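Beneath this line is the structure, given in structure tokens, with notes to follow.
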Amino acid sequence: MEAVHAGAHGHDHGHHPTGLMRWITTTNHKDIGTMYLWFSFTMFMVGGAMAMVIRAELFEPGLQIVSPEFFNQMITLHALIMVFGAIMPAFVGFANWMIPLQIGASDMAFARMNNWSFWILPVAGSMLILSLFVPGGAAGTGWTMYPPLSIQMGMGMDFAIFGLHLLGMSSIMGSINIITTILNLRAPGMSLMRMPLFCWTWLITAYLLLAVMPVLAGAITMLLTDRHFGTSFFNAAGGGDPVMFQHIFWFFGHPEVYIIALPAFGVISQVIPAFSRKHIFGYASMVYAIAAIALISFFVWAHHMFTTGIPLTGQLYFMYATMLIAVPTGVKVFNWTATMWKGALSFETPMLFAIGFLFLFTLGGFSGLVCAITAIDIQLQDTYYVVAHFHYVMVAGALFSAYAGAYYWLPKWTGHMYNETLGKLHFWLTLIFFNMTFFVQHFLGLAGMPRRVPDYALQFAEFNKISSIGSFGLGISQLLFLYIVIKTIKGGPKAGDKPWDGAEGLEWTVPSPAPHHTFEDPPVIK
Amino acid sequence: MKKITNKTAIRLAAAFAAGIAFTGTALAEMQLNMGFPVTAAGQTAYHLHNLINIICLIIFIGVFGVMGYSMIYHRKSKGHKPAEFHENLTVEILWTAIPLLILIIIAIPATKALISLKDTSDSDITIKATGYQWKWGYDYLKGEGEGIKFMSVLATPQAQIKGQEPKDEHYLLEVDNPIVVPVGKKVRILTTSNDVIHSWAMPAFGVKQDAVPGFIRDTQFRAEKEGTYRGQCSELCGKDHGFMPIVVEVVSADKYATWVDEQKKKMAAAMGDPNKVWTLDESKAYGEKLYNANCAACHQATGKGIPGAFPALDGSKIVTGPKEGHLAVVVNGRPGTAMAAFGKQLSDTEIAAIVTYERNAWGNKTGEVVQPAEVKAAHK
Ligand SMILES: [Cu+2]
């Protein structure tokens, strides 16, 4: 390992390609982290544009803008692009940038593979987007790709399957890299239990990814062979079972939720202590809670399938197991609150986003508890209540925490302070429009509006209109973030090595912007 | 339509001014909770949902009360100095144990509610609901009305969906043939599907059950109040997923008996005389109506299909080729595609008329009439 590492280094010192070649051939964790973050934001814009199409069609009852087929393609691609193209790469970007800086390593363990993990992504993302232009259009199955509907789809489905395979490969390589880096390249004296919580969440997330991405690959490969090679894994007429796909998919899909949520928890666990000027409360219990959540996430998958007709005993088991997740999740929220308690709080943009995260993620947790109760979930399954629930977890959970992290580390990345007023404006716009978009969707779901429909009954009209207006505001507000970031890269007040007086960690011991090579001699942790 | 837009705009303006999402008057008109179910099992779930919301609200106020206090009084700008503590075992054990206890308290009624919902034994009437892309088929299998079967298709006209006509009260929630059941009787619904997964859902009964092709699942309800109840397919099933509603009419025992009688007479009429010989015009006219109800969703009223998704019939080799090949596709379907086996859904008389229409509509001019007896021969 050390040999590989040293080799990569020697190469870097030898000659620096410039221009485009620098980015294509780079093995530097900071360059790769930057590329991940830009890729993620680009996909966020593409997926967001699709969300705008969806909400525009749902602005009022009737079919106005798009055909139902195209609507289904939009909901599918919106989800796939946001989950696999925007949220996951965003946190991998954070991991690339920050893990070596936080553990005092000079780079990721497998620097060349790191380059490869990234450059697969644009290819995969293009496959998803290109599928819109093949005959029959993109897959119109929803991101869950349930057969037999996904068997009926045209070539766009094969594009999606191939794209997902690539994304899975990228994730697996990225995970191996992160695990190896964390386990082997920590600075002398940094024991696992002294590691920043962001690294802890990524270590556990990487194991989750390693465990479940191959399961997804298996499921979609079976879809592929059912589609083209005459197998009958999911076809009852050939002895298969369509519901088996759902079991396999959700065995991947539920841990996937935590693959997104855990690094978000990690970012929040860095930001809250920094702006409370106080150590994180219950470090050890935070680590155990992350591990517990990750473990339980493997045993609850069928709560996504309460209406498929699993037997009573199965439903009871999955209900109890799902309710249990509330315990470690509660511990985390309580610990964050206790961290703030009696601190010396200040409310810069990263802290605002972190508090916004706490507030909204807790609401998402509550609606999750409601959905865990099978008798209630049967009413809510496949309605807008579920849409509201997972957007509180995904958007409010992942996006808010990604913004918290971005504003928190932006001075370290660029060497400049961002504009605090604009940052706060971005926060408030995002918070208000997010709630306007998604809070009302709880009511739609409770009243019985199914999800994934391009048109709806008149009783749902008012809330849909509010939701659509909110979503347009939410979409436009995100352009402000782009403006703030570009402005910060171009200039702004110089950031010191440690621009946040309450921040802790090795990343604040290196200059801002972080030089191309850091920690070539490992720091010693006392 | 215009009026609604203005009202919403005013409300939004008011909401912004107040700094909250919406005003009290707006709330009064819009449904904020589940509708109150008309089945005992549904009502149990309804009350359980309210209970959990209250528990969540209390926890929310507790946690964010503490956080809010901290945010007001522990500010750096107020000169508050950070405390040193970062661990407390007692507190941590407490906030692990207390939530666990609350969950156990919730789990008890949750278990009871589920058990009552899942009990499908001893039903008075059993109805099979079959999902098709994109309509429902119902077969009364057991109990009063046994033998009745019919298709239930969206009744909202296309013109309303496309905005060429004002939308009526039950827009998208109305069908040509609703299911009718007697009040106070336990009805077991068996679900299955002919093509992809659909889901039979009726919010007022607290019921939702996926319809999985190749498998039979079941659910049940006992509606305690007469009335018309409306639901929708609740599993994405392709293009017209949003356009296959479910309507159940719960009626008195007397009315139900009358309905059963009518249905039996209607079914006898629809079967037609399988030996009758049809003329071209007669068959084509009957076929056009049936084509628009059963085939136009995919192949389009123009017969042009949707390129890349659904093939055109106008000028198609199969449609203008030998009758046998054309009949085989319509009667037995094309496995692995959206083309269903209509032999299982429609009578031979009906299929004969559709095929006659397709072979003589648009640019297709075979001049051939397909007779019901020929359809019979095409069944596999
Ligand atoms: Cu359906």
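Bear in mind the structure is a predicted one, so any value in this text is a computation, not a measurement. The chains referred to below are lettered A, B, ... by the order of the sequence lines, with proteins before strands, and numbering in each begins at 1.
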Working for side-chain contact (heavy atoms from CB on, under 4.5 Å), residues B/Arg217 and A/Val243: CA-CA 12 Å; B/Arg217 310 285 199 213; A/Val243 176; 3.5 Å; yes
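- Put simply, of B/Ala211, B/Ala83, B/Gly242, the one with the most heavy-atom pairs under 4.5 Å next to chain A is B/Ala83.
- Both the backbone and the side chain of A/Met340 come within contact range of chain B, with heavy atoms under 4.5 Å apart.
- Of the atoms belonging to A/Ile280, it is backbone heavy atoms, and not side-chain ones, that fall under 4.5 Å from chain B.
- For B/Val66, the parts lying near chain A are the backbone and the side chain together; criterion is any non-hydrogen pair under 4.5 Å.
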Audit row: B/Leu100, A/Leu324, side-chain contact (heavy atoms from CB on, under 4.5 Å) steps and yes/no: CA-CA 8 Å; B/Leu100 197 61; A/Leu324 209 56; 3.8 Å; yes
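- Note on A/Ile376, A/Thr383, A/Thr337: by heavy-atom pairs under 4.5 Å with chain B, the leading option is A/Ile376.
- Proximity to chain A involves both the backbone and the side chain of B/Tyr171, based on heavy atoms less than 4.5 angstrom apart.
- Residue with the most contacts toward chain B among A/Ala236, A/Pro148, A/Pro135: A/Pro148 (heavy-atom pairs, distance under 4.5 Å).
- Only the side chain of B/Leu117 comes within contact range of chain A, with heavy atoms under 4.5 Å apart.
- Within the 4.5 Å cutoff, the side chain of A/Asp501 has heavy atoms near those of the B/Lys76 side chain.
- Within 6.0 Å of the OH atom in A/Tyr288, the count of heavy atoms belonging to other residues, nucleotides or ligands does not exceed 12.
- For the set A/Leu358, A/Leu444, A/Val134, the count of heavy-atom pairs under 4.5 angstrom toward chain B peaks at A/Leu358.
- Contact annotation for B/Asp240: only side-chain heavy atoms (C-beta onward) come within less than 4.5 Å of a heavy atom of chain A.
- Judged by distance alone, with hydrogens and angles left aside, the side-chain atoms of B/His80 form no donor-acceptor pair with the main-chain N or O of A/Leu345 at under 3.5 Å.
- In this structure, the portion of B/Ile52 lying under 4.5 Å from any heavy atom of chain A is its side chain and not its backbone.
- With a threshold of 4.5 angstrom between heavy atoms, A/Arg451 approaches chain B through N, CA, C or O but not through any side-chain atom.
- By the 4.5 Å heavy-atom criterion applied to side chains, B/Leu172 and A/Val453 are not counted as neighbours.
- Among the candidates A/Gln152, A/Arg277, A/Met323, A/Met153, the residue making the largest number of heavy-atom pairs closer than 4.5 Å to chain B is A/Gln152.
- Residue pairs meeting the ring pair (Phe, Tyr, Trp, His ring centres under 6.0 Å) criterion with at least one member in residues 315-338 of chain A, sequence neighbours excluded: A/Phe265-A/Trp336, A/Trp301-A/Phe318, A/Phe334-B/Trp95, A/Trp336-A/Phe357.
- Between the side chain of B/Lys162 and the main chain of A/Leu63, no donor-acceptor pair closer than 3.5 Å is present.
- Using a 4.5 Å cut-off between heavy atoms, A/Ala338 contacts chain B through both its backbone and its side chain.
- For the salt bridge (Lys or Arg N to Asp or Glu O under 4.0 Å) condition, no pair includes a residue of residues 77-88 of chain B, sequence neighbours left out.
- When heavy atoms are compared at a cutoff of 4.5 Å, A/Gln459 approaches chain B solely by way of its side chain, counted from C-beta outward.
- In this structure, chain B has heavy atoms under 4.5 Å from both the backbone and the side chain of A/Ala447.
- Looking only at heavy-atom pairs under 4.5 Å with chain A, the residue among B/Val207, B/Leu114, B/Leu48, B/Val212 that has the most is B/Leu114.
- Neither the backbone nor the side chain of A/Ser150 comes within contact range of chain B; no heavy atoms are under 4.5 Å apart.
- In this structure, chain B has no heavy atom under 4.5 Å from any part of A/Asn235.
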Working for side-chain contact (heavy atoms from CB on, under 4.5 Å), residues A/Met319 and B/Thr111: CA-CA 9 Å; A/Met319 173 169 80; B/Thr111 305; 4.0 Å; yes
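- Only the side chain of B/Ile306 comes within contact range of chain A, with heavy atoms under 4.5 Å apart.
- Listed by first and then second residue, the salt bridge (Lys or Arg N to Asp or Glu O under 4.0 Å) pairs that reach into residues 229-239 of chain B come to none, sequence neighbours excluded.
- Ring-centre distance between B/Tyr69 and A/Trp341: below the 6.0 Å cut-off.
- Proximity to chain A (any heavy atom under 4.5 Å) is shown, for B/Ile197, by both the backbone and the side chain.
- Residues of residues 58-65 of chain B lying under 4.5 angstrom from chain A, judged on non-hydrogen atoms, are B/Ile59, B/Phe60, B/Val63, B/Phe64 in numerical order.
- Between B/Leu57 and A/Phe366, the closest side-chain pair of non-hydrogen atoms is not below 4.5 Å.
- Contact annotation for B/Asp195: both backbone and side-chain heavy atoms come within less than 4.5 Å of a heavy atom of chain A.
- Contact tally against chain B (heavy-atom pairs below 4.5 Å) for A/Leu316, A/Ile151, A/Val333: the top residue is A/Leu316.
- For chain A, the nearby part of B/Phe243 is the side chain; its heavy atoms alone come within less than 4.5 Å.
- Residue B/Met202: no heavy atom, backbone or side chain, is found under 4.5 Å from chain A.
- Heavy-atom distances place no part of B/Ala201 under 4.5 Å from chain A, backbone and side chain included.
- Around the OH atom of B/Tyr73, the shell of radius 6.0 Å holds no more than 12 heavy atoms that belong to other residues, nucleotides or ligands.
- B/Leu103 has its side chain within reach of A/Val327: a pair of non-hydrogen atoms, C-beta onward, lies under 4.5 Å apart.
- Both the backbone and the side chain of A/Phe359 have a heavy atom closer than 4.5 Å to some heavy atom of chain B.
- Looking at A/Asn72, only its side chain comes within 4.5 Å of chain B, counting heavy atoms on both sides.
- The part of A/Thr362 that comes within reach of chain B is its side chain, from C-beta onward, which places non-hydrogen atoms under 4.5 angstrom from that chain.
- Contact annotation for B/Cys237: only backbone heavy atoms (N, CA, C, O) come within less than 4.5 Å of a heavy atom of chain A.
- Contacts of A/Asp226 with chain B are absent, with no heavy-atom separation under 4.5 Å from either backbone or side chain.
- A side-chain donor from one of A/Thr307 and B/Asp210 sits under 3.5 Å from a side-chain acceptor of the other.
- Contact of B/Gln209 with chain A is made through backbone and side chain together, with heavy-atom distances under 4.5 Å.
- Neither the backbone nor the side chain of A/Gln73 comes within contact range of chain B; no heavy atom of the residue lies under 4.5 Å from a heavy atom of that chain.
- Between chain B and the residues A/Ser346, A/Pro242, A/Gly142, A/Gly448, the most heavy-atom pairs under 4.5 angstrom are made by A/Pro242.
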B/Met71/A/Ile355 under side-chain contact (heavy atoms from CB on, under 4.5 Å): CA gap, chis, key distance, verdict: CA-CA 10 Å; B/Met71 283 163 64; A/Ile355 293 170; 4.1 Å; yes
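- B/Thr96 touches chain A through backbone and side chain together, each having a heavy atom under 4.5 Å away.
- No side-chain heavy atom of A/His279 sits less than 4.5 Å from a side-chain heavy atom of B/Phe85.
- The backbone N or O of A/Gln379 lies less than 3.5 Å from a partner atom in the side chain of B/Lys208, making a donor-acceptor pair.
- Neither the backbone nor the side chain of A/Pro273 comes within less than 4.5 Å of any heavy atom of chain B.
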